[in-house]
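Presented below is the structure to which this report refers.
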Amino acid sequence: MYSIIIMLGWCTFAAAIPNKRDYNFKPRFLKDRISISEPENTSPEKVIKDISEIVIDDEGDKLTYALDNKGKSICTIGSSDGKLRFKEKPDREICSEYEFKILVSDDFEGGINRETPLDVYLYILDENDNKPIFINTPYICHVLETIPIGTEIFQVLASDKDAGNNRILRYVFKDKSNDYFFLHPNSGIITLTKSLDHETNKVHTLIVEAQDEGLEKQTTETTVIVNVGDVGDNKPYFIFQQYDKEIEENLPKGTKVAALVAVDGDSSLKNKINYEIIAGDEYGLFFIDRNTGVITVEGHLDREYYSEFKLRVKAYEVEEIHSFNTIDLKIKLVDVNDNFPKFEQNEYVVNVQQDQAHPQTIISDNIRAVDEDATIKNNHLFYWIEEQDDNDKLFDVLSDRGTLMLKKNLENLSRNTFKFKMYATEDQSNEHYYAVANITVRLIRDQKIINQEFQKSSSNHLSSAYTTFFITIFSFIFLNNGIPSKY
């Protein structure tokens, strides 16, 4: 506000004129939200968005830009010019998208409570900046010279952290003169295309290259050693041809699972046999003693994650490692009741409208308990209500699913709140573990219905009063005069 003084003759007038600054509006954005897409590895010096281009301040006040905490973790913004930049080079493989707010304020009244927010969605686009990586190297393959043409002898496998075409891989041999093997470009499977001869070539060294499908291809090389074994003796054989086992989950480390026994097929040599697990134990949950063939528990066996394992065990001669045999061992995990039931909530509040508070009405089907055990014997639940006061007469629950129902009408009761406990019990297990939840049922009464009930009740009370009055008069006459005569 500012004042003006007007003098007319001997009279002086003062008037207050409003300053336009008294009507100052906060700055505003042209949009409520914006989306920004930038490739990973973008330089922090690059301006990815000039926020000043999408903000308006009607009075042309000086503006200040800022980021919320989420925005500060990935970007910086010029406090006076609104230029948005990356804090450091982004990596899509770490995080591909961010959501944060940009705040703008003017300097009116010191900038207090003058902020306007803008939602920002920042997407990091993939660049082909990762090379393929071969898995489970080194690659050493042992084959016999007598294996037939067309046999799949080995498989190489690589992965790539990039996305889209940048992670699609193809495999090729670097040595084009190789005519013994074929490498499938998509699967990485190596197949025999020409008969092997131990006397001619005991070892084949293959250079395999993995290349992605990006515009600027990334490549990685690895070596596959193929040892060709001579067929001069009989391979080992297992005493028993089938080893199927059932064991309980949660067995401690070191517990014996099975003992495999293989012997040299050549009775005159009796070479020492060693053992190794070559497939089926990707998580390292089992250990085999290379000298004895005894398999023991190495990791945590959880039936809720694995139902069975199929281990492939190799037995080979120590002196002639190309002479080997394999056998499959199927191990089935037996579920142990090691999980207690749990309700999804400790307490449930169920509101029931007065006009729905009738018998057989389902008032809640959202009460659930779960048991993470794997078999029905250990995870099947039976629901029931604690018998307390009259609650067992007012409410019922479907035993197999926890659906809560009314057994009686609630609207005629004086109470509006009913509390009780619901149990979920394992009804087929030996332990009968259970869970408990507190249930509160609240009757929501309709005021219109209450008024109608009151009027009806008042009318009934009035009629009852008249009836009582006449009965009293009649009784008085009867007791004093006796039974009246017909004549």
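The figures that follow rest on heavy atoms only: side chains count, while hydrogens, waters and symmetry mates do not.
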Inset, instruction - Verify, without hydrogens or angle tests, whether Glu304 (side chain) and Ala374 (backbone) share a donor-acceptor contact under 3.5 angstrom. - result: yes

Legend entry - Any donor-acceptor N/O pair, Arg114 side chain to Phe25 backbone, under 3.5 Å: yes

Inset, instruction - Begin from the C-alpha positions of Asn166 and Asp160 and carry the test side-chain contact (heavy atoms from CB on, under 4.5 Å) through to its verdict. - result: CA-CA 8 Å; Asn166 295 334; Asp160 194 311; 5.6 Å; no

Pairs under 3.5 angstrom only: tabulate donor-acceptor contacts from the side chains of residues 131-139 to other protein residues two or more places apart or in another chain.
from, atom 1, to, atom 2, distance (Å)
Tyr139, OH, Ile135, N, 3.4
Tyr139, OH, Ile135, O, 2.4
Tyr139, OH, Leu157, N, 3.4
Tyr139, OH, Leu157, O, 3.2

Legend entry - Distance-only side-chain donor-acceptor flag, Asp50 / Ser52, under 3.5 Å: yes

Legend entry - Pairing residues for Tyr423 by the ring pair (Phe, Tyr, Trp, His ring centres under 6.0 Å) criterion, not counting sequence neighbours: Trp384, Tyr434

Legend entry - Asp32, CG: over 12 other non-hydrogen atoms inside 6.0 angstrom: no

Inset, instruction - Report, as yes or no, whether the 6.0 Å neighbourhood of atom CD1 on Ile376 holds more than 12 heavy atoms from other residues, nucleotides or ligands. - result: no

Legend entry - Intermediate values then yes/no, side-chain contact (heavy atoms from CB on, under 4.5 Å), Arg170 and Glu213: CA-CA 8 Å; Arg170 291 177 61 84; Glu213 293 294 307; 2.7 Å; yes

Legend entry - Test item: Tyr348 and Met422 side chains (from C-beta on) under 4.5 Å apart, heavy atoms: no

Legend entry - Those residues that, when tested against Phe181, pass ring pair (Phe, Tyr, Trp, His ring centres under 6.0 Å) (two or more places apart): His204

Legend entry - Exam field: side chain Asp126 to backbone Ala163, donor-acceptor pair closer than 3.5 Å: yes

Legend entry - Heavy-atom check, side chain of Leu311 versus side chain of Ile331, under 4.5 Å: yes

Inset, instruction - Begin with the C-alpha distance, continue with both residues' side-chain angles, and end with the deciding distance and a verdict on side-chain contact (heavy atoms from CB on, under 4.5 Å) for Asp175 and Leu206. - result: CA-CA 7 Å; Asp175 184 3; Leu206 309 176; over 6 Å; no

Inset, instruction - Begin from the C-alpha positions of Asp396 and Lys407 and carry the test salt bridge (Lys or Arg N to Asp or Glu O under 4.0 Å) through to its verdict. - result: CA-CA 6 Å; Asp396 198 2; Lys407 292 177 66 175; 5.3 Å; no

Inset, instruction - Return yes if some donor-acceptor pair links the side-chain N/O of Thr151 with the main-chain N/O of Ile153 below 3.5 Å, else return no. - result: no

Inset, instruction - Using a cut-off of 6.0 Å, state whether more than 12 heavy atoms not belonging to Asn346 lie near its atom CG. - result: no

Legend entry - Side chains of Val313 and Ile295 in contact at under 4.5 Å (non-hydrogen atoms): yes

Inset, instruction - Please say whether more than 12 non-hydrogen atoms of neighbouring residues, nucleotides or ligands are located less than 6.0 Å from CD in Glu431. - result: yes

Inset, instruction - Answer yes or no: does atom CD of Glu221 have more than 12 heavy-atom neighbours from other residues, nucleotides or ligands under 6.0 Å? - result: yes

Legend entry - Tyr383 vs Leu398 side-chain heavy atoms within contact, under 4.5 Å: no

Inset, instruction - Working to the nearest 0.5 Å, report the span between CD1 of Ile444 and CG of Asn351. - result: 4.5 Å

Inset, instruction - Check whether more than 12 heavy atoms from other residues, nucleotides or ligands sit under 6.0 Å from atom OH of Tyr121, and answer yes or no. - result: yes

Inset, instruction - Identify which one of Asn430, Asp371, Asn337 satisfies the side chain to side chain contact (heavy atoms under 4.5 Å, CB included) criterion when paired with Asn378. - result: Asn337

Inset, instruction - Show the numbers, then the answer: is there a side-chain contact (heavy atoms from CB on, under 4.5 Å) between Asp335 and Glu249? - result: CA-CA 6 Å; Asp335 185 41; Glu249 62 175 330; 2.9 Å; yes

Inset, instruction - Taking atom CD of Glu372 as the centre, report whether more than 12 heavy atoms of other residues, nucleotides or ligands fall under 6.0 Å from it. - result: no

Legend entry - Any Lys217 side-chain heavy atom under 4.5 Å of Asp212 side chain: yes

Legend entry - Closest contact, heavy atoms only, Phe238 versus Ala315: CZ-CB, 3.5 Å

Inset, instruction - Determine the minimum heavy-atom distance between Ile34 and Ile36, stating which atoms define it. - result: CD1-CD1, 4.0 Å

Inset, instruction - Run the numbers on Asn227 and Lys202 for side chain to side chain donor-acceptor pair (under 3.5 Å), then give the verdict. - result: CA-CA 6 Å; Asn227 294 314; Lys202 296 179 178 62; over 6 Å; no

Inset, instruction - Measure from the side-chain N and O atoms of Thr417 to the backbone N and O of Thr440, and report whether any donor-acceptor pair falls under 3.5 Å. - result: no

Legend entry - Arg28/Asp58 under salt bridge (Lys or Arg N to Asp or Glu O under 4.0 Å): CA gap, chis, key distance, verdict: CA-CA 9 Å; Arg28 66 182 187 275; Asp58 294 333; 3.0 Å; yes

Legend entry - Glu426 side chain reached by Asn379 side chain, heavy atoms, under 4.5 Å: no

Legend entry - Nearest heavy-atom neighbours spanning Asp373 and Val336: OD1-O, 3.1 Å

Legend entry - Check: Arg368 side chain, Arg401 main-chain N or O, donor-acceptor pair, under 3.5 Å: yes

Legend entry - Side chains of Leu406 and Phe395 in contact at under 4.5 Å (non-hydrogen atoms): yes

Inset, instruction - Taking all heavy atoms of Ile48 and all of Thr42, pick out the closest pair and write down the distance. - result: CG2-CG2, 4.4 Å

Legend entry - Qualifying residue for side chain to side chain contact (heavy atoms under 4.5 Å, CB included) with Tyr316, from His322, Arg290, His142: Arg290

Legend entry - Qualifying residues under salt bridge (charged side-chain N to carboxylate O under 4.0 Å, His left out), relative to Lys253, sequence neighbours excluded: Glu298

Inset, instruction - Check whether any side-chain N or O of Arg445 sits under 3.5 Å from a backbone N or O of Glu411 as a donor-acceptor pair, and report yes or no. - result: yes

Inset, instruction - Kindly state each residue pair satisfying ring-ring contact (aromatic ring centres under 6.0 Å, His included) with at least one member in residues 277-296, sequence neighbours excluded. - result: Tyr283-Tyr306, Phe286-Phe309

Inset, instruction - Given salt bridge (Lys or Arg N to Asp or Glu O under 4.0 Å), test Lys62 with Asp106 step by step and report yes or no. - result: CA-CA 6 Å; Lys62 178 183 177 181; Asp106 59 20; over 6 Å; no

Legend entry - Exam field: side chain Thr326 to backbone Arg312, donor-acceptor pair closer than 3.5 Å: no

Inset, instruction - First locate atom OG1 of Thr292, then atom OH of Tyr275, and finally report the distance between them rounded to the nearest 0.5 Å. - result: 8.0 Å

Legend entry - Check: Asn325 side chain, Lys235 main-chain N or O, donor-acceptor pair, under 3.5 Å: no

Inset, instruction - For Lys26 and Glu115, indicate whether the former's side chain and the latter's backbone hold a donor-acceptor pair under 3.5 Å. - result: yes

Inset, instruction - State which residues pass salt bridge (charged side-chain N to carboxylate O under 4.0 Å, His left out) with Glu209; sequence neighbours excluded, sorted by chain then number. - result: Lys174

Legend entry - Minimum heavy-atom distance between Tyr98 and Cys95, given as atom pair plus value: OH-CB, 3.3 Å

Legend entry - Shortest non-hydrogen contact between Ile74 and Phe100, atoms and distance: CG2-CE2, 4.1 Å

Legend entry - Pairwise side-chain contact, Leu333 with Glu308, heavy-atom cut-off 4.5 Å (strictly under): no

